[in-house]
Amino acid sequence: VEPVGLDAAGDVAIPASPAVVGWDRRTAVPGEPGTAVLAAHVDSRTEGLGAFAGLVELAVGDRVVLTDAGGRAAAWRVVGRVSVAKEELPVGRLSALHGPPVLALVTCGGAFDPVARRYAENVIVWAVPVDGPGGAARS
């Protein structure tokens with residue numbers, strides 16, 4: 001995972017390699033109040049499946065574990081998964097800096113347009129911290 005900002009078009013600058021996940025540094029740090037946004041390519045013509053290729057298979061109740069650079073793991077529980085047209089991305093919800101901690105995992109989905117060389121939709125998985133044994137590590 002690497003911190004990212006905006007690209008020239010004003011969109012989140014997702015790392016070029018589908019193996020690398022970008023954390024939108026304008027959003028919350030995972031586990032802090034607000035929404036933390038992690039985004040990655042679903043796949044690549046040259047590199048194959050990406051780190052978030054399996055997002056479309058996550059279901060409510062599934063567990064996602066984030067491990068920080070210090071080796072501390074934090075568990076999150078999936079509370080929803082949606083596919084939205086790229087033009088309908090819920091920017092306000094994705095950029096919330098207040099409220100309870102929420103994790104938003106974002107990748108591409110839907111039909112691939114070979115002319116535009118992009119997917120028509122974004123898949124967003126929403127997750128909340130797991131409390132208790134084996135749950136979210138908090139400091």
How many angstroms lie between atom NE2 of His98 and atom CD of Glu32, to the nearest 0.5 angstrom? 13.0 Å
Show me, pair by pair, the donor-acceptor contacts under 3.5 angstrom made by side chains of residues 35-53, not counting sequence neighbours?
{"from": "Thr35", "atom 1": "OG1", "to": "Arg93", "atom 2": "O", "distance (Å)": "3.2"}
{"from": "His41", "atom 1": "NE2", "to": "Pro15", "atom 2": "O", "distance (Å)": "3.2"}
{"from": "Asp43", "atom 1": "OD1", "to": "Tyr119", "atom 2": "OH", "distance (Å)": "3.1"}
{"from": "Asp43", "atom 1": "OD2", "to": "Tyr119", "atom 2": "OH", "distance (Å)": "2.6"}
{"from": "Ser44", "atom 1": "OG", "to": "Thr46", "atom 2": "N", "distance (Å)": "3.2"}
{"from": "Ser44", "atom 1": "OG", "to": "Thr46", "atom 2": "OG1", "distance (Å)": "3.2"}
{"from": "Ser44", "atom 1": "OG", "to": "Glu47", "atom 2": "N", "distance (Å)": "3.1"}
{"from": "Glu47", "atom 1": "OE1", "to": "Ser17", "atom 2": "OG", "distance (Å)": "3.0"}

Minimum side-chain heavy-atom gap Ile124-Leu89 below 4.5 Å: yes
Within the supplied structure, the quantity of interest is the number of heavy atoms (other residues, nucleotides, ligands) at a distance under 6.0 Å from Glu57 CD; does it exceed 12? no
Which atoms form the tightest heavy-atom contact between Cys108 and Val123, and what is the distance? O-CG2, 4.1 Å
CA sep, side-chain torsions, deciding dist, call: Leu103, Leu66, side-chain contact (heavy atoms from CB on, under 4.5 Å): CA-CA 10 Å; Leu103 181 64; Leu66 299 181; 3.9 Å; yes
Exercise: identify the closest heavy-atom pair between Arg81 and Val56: NH1-O, 3.0 Å
Minimum heavy-atom distance Trp23-Pro30, with the two atoms named: NE1-CD, 4.2 Å
Apply side-chain contact (heavy atoms from CB on, under 4.5 Å) to residues Val102 and Trp126 and explain how you reach the verdict. CA-CA 7 Å; Val102 174; Trp126 300 99; 3.8 Å; yes
Is it true that Val1 and Val125 fall in one hydrophobic cluster, defined by side-chain heavy atoms closer than 4.5 Å? yes
Between Val79 and Val82, is there shared hydrophobic-cluster membership here, with clusters defined by ILVMFWY side-chain heavy atoms closer than 4.5 Å? yes
Could you go through residues 4-13 and list every donor-acceptor pair under 3.5 Å that involves a side-chain atom there, pairing it with any protein atom two or more places apart or in another chain?
{"from": "Asp7", "atom 1": "OD1", "to": "Ala9", "atom 2": "N", "distance (Å)": "3.0"}
{"from": "Asp7", "atom 1": "OD1", "to": "Gly10", "atom 2": "N", "distance (Å)": "3.0"}
{"from": "Asp7", "atom 1": "OD1", "to": "Asp11", "atom 2": "N", "distance (Å)": "2.9"}

Minimal non-hydrogen separation, Gly31 against Pro101, with atom names: O-CG, 3.4 Å
Quick check: do Arg63 and Val78 have side-chain heavy atoms less than 4.5 Å from each other? no
Is there a side-chain contact between Glu121 and Glu88 (heavy atoms, below 4.5 Å)? no
Does Val21 belong to the same Ile/Leu/Val/Met/Phe/Trp/Tyr cluster as Leu105, with side-chain heavy atoms less than 4.5 Å apart forming each link? yes
Do any N or O atoms from the side chain of Asp113 and from the backbone of Arg117 form a donor-acceptor pair under 3.5 angstrom? no
Report yes if some heavy atom in the side chain of Asp24 is under 4.5 Å from a heavy atom in the side chain of Pro3; otherwise report no. no
Inter-residue atom distance Asn122.CG - Thr107.OG1, 0.5 Å rounding: 7.5 Å
